[in-house]
Amino acid sequence: MRGTDMDSESILEQPYINITNIIWSFDQITSKVNILLVKRSNKPYNGYWALPETFMRTNESADEAALRLVRAKIGMALSNSHTEQLATFTNRLRTPEQRTLSLAYMTFLPDKPMLKPGYGASDARWFSMDYTENGYAFSDGELTFSTAQSQTESQYYAKLAKSSLSKAHLAYDHEWILKVACERIKNKLDYQPNILLVLGPQFTLKDARLVYAPFLKIPFELIDNSNFKKSHRHLFTDVGTSMSNRPGRPARVYKLSYLFP
């Protein structure tokens, strides 16, 4: 009978639920894809950099919490079209204390706003994306964080549980979440490249290639413009020429046909 009671307590355990949001943007000056990271000011992982996150409130859905998180961290109100769910992370080893499940989202910002740290953060910065032999890297010029190395999910969490993270790593399992996010975007480049929303509703092929390149781990010059246009014509609609004041012939401008018919 006692064993039955213990089993019931395990079954009825109610873990915390938080929302993690990978917020993407594009820097027009450096031509780099960026993500937002915040420096935590609460335990656990006080003083560590992390992806923005918040606990889901009882009076809101997960989608509403993801949008609230963007408003709280950078003061921007977005429509649902800018945010999409990534995955749910439930490994019991992902947090050191109370078990916490994370519903992860991705938000694609059409500009790169100034940042003001919100509740629970002492700093907030944009980190530009690059790639390494083993994964992806994000740097602000002073600090660099990498996605989880090439290992399985079980291997990653087993290693996470056995060692205490140094501040050279992101808090919790955020390096794994970031790895999943990058791979998801890479795998959808040829049929649903929502990452291009960081360029706004319209973009040039050059800017699109600049966004594709780090996910493919190649210099953007190796993405042939003509071939790129042909292979993505089912996704892109030509909407005219750029109004840019840059010298030379105006570039053609495109939009995502499946989102903006």
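None of these values were measured; they are calculated from a predicted model. Heavy-atom basis, side chains included; hydrogens, waters and symmetry copies ignored.
- Leu160 and Trp49 fall within the same hydrophobic cluster, defined by Ile, Leu, Val, Met, Phe, Trp and Tyr side-chain heavy atoms under 4.5 Å apart, directly or through other members.
- Between Glu183 and Lys188 there is no salt bridge, since no side-chain N of the basic residue sits under 4.0 Å from a carboxylate O of the acidic one.
- A donor-acceptor contact closer than 3.5 angstrom links the side chains of Ser102 and Asn18.
- Salt-bridge check for Glu142 with Arg125: passed, with a basic side-chain N closer than 4.0 Å to an acidic carboxylate O.
- With 3.5 Å as the limit, one finds a donor-acceptor pair spanning the side chains of Asn21 and Thr107.
- Judged by distance alone, the side chains of Thr152 and Ser154 do bring a donor and an acceptor atom under 3.5 Å apart.
- At most 12 heavy atoms of other shown residues, nucleotides or ligands fall within 6.0 angstrom of atom NZ in Lys39.
- Ring centers of Tyr105 and Trp24: at least 6.0 Å apart, outside the cut-off.
- Ion pairing between Arg94 and Asp173 holds under the 4.0 Å rule for side-chain N and carboxylate O.
- For an aromatic pair to be called close, the ring centres must be under 6.0 Å apart, and Tyr212 with Phe220 fails this.
- Between Phe215 and Tyr136, the ring planes lie tilted relative to each other; the angle falls in the 30° to 60° range.
- Note that CE of Met106 and CD1 of Ile23 are 12.5 Å apart. Values are rounded to the nearest 0.5 Å.
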Stepwise salt bridge (charged side-chain N to carboxylate O under 4.0 Å, His left out) test for Asp27 and Lys112 = CA-CA 7 Å; Asp27 191 317; Lys112 185 169 170 278; 3.3 Å; yes
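- For the atom pair CG of Leu197 and CD of Glu84, the computed distance is 8.5 Å after rounding to the nearest 0.5 Å.
- The pair Arg252-Asp238 meets the salt-bridge criterion, since a charged nitrogen lies less than 4.0 angstrom from a carboxylate oxygen.
- The environment of Tyr16 atom OH is sparse: at most 12 non-hydrogen atoms of other residues, nucleotides or ligands sit within 6.0 angstrom.
- Atoms OG1 and CD1, on Thr58 and Ile17 in that order, are 11.5 Å from each other to the nearest 0.5 Å.
- With hydrogens and angles left out, the side-chain atoms of Asn91 and Tyr156 include no donor and acceptor closer than 3.5 Å.
- Applying the 6.0 Å contact sphere to NZ of Lys217 captures more than 12 heavy atoms from other residues, nucleotides or ligands.
- Shown here for Asp140 and Phe127, the closest heavy-atom pair between the two residues is N-CD2, 3.4 Å.
- Contact annotation: the side chain of Pro44 approaches that of Tyr172 to within less than 4.5 Å [non-hydrogen atoms, C-beta and beyond].
- The minimum heavy-atom distance between Leu210 and Pro214, with the atom names listed, is O-CD, 3.2 Å.
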key: Criterion salt bridge (charged side-chain N to carboxylate O under 4.0 Å, His left out) on Lys206 and Glu221, from CA distance to verdict   = CA-CA 9 Å; Lys206 178 182 178 180; Glu221 294 89 351; over 6 Å; no
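- Annotation for Leu36 and Leu51: closest pair O-CD2, 4.3 Å, computed over non-hydrogen atoms.
- Ring orientation note: the planes of Phe203 and Phe236 are nearly perpendicular, at an angle over 60° on the 30°/60° scale.
- Leu205 has its side chain within reach of Lys229: a pair of non-hydrogen atoms, C-beta onward, lies under 4.5 Å apart.
- A side-chain donor-acceptor contact under 3.5 Å links His232 to the backbone of Phe228.
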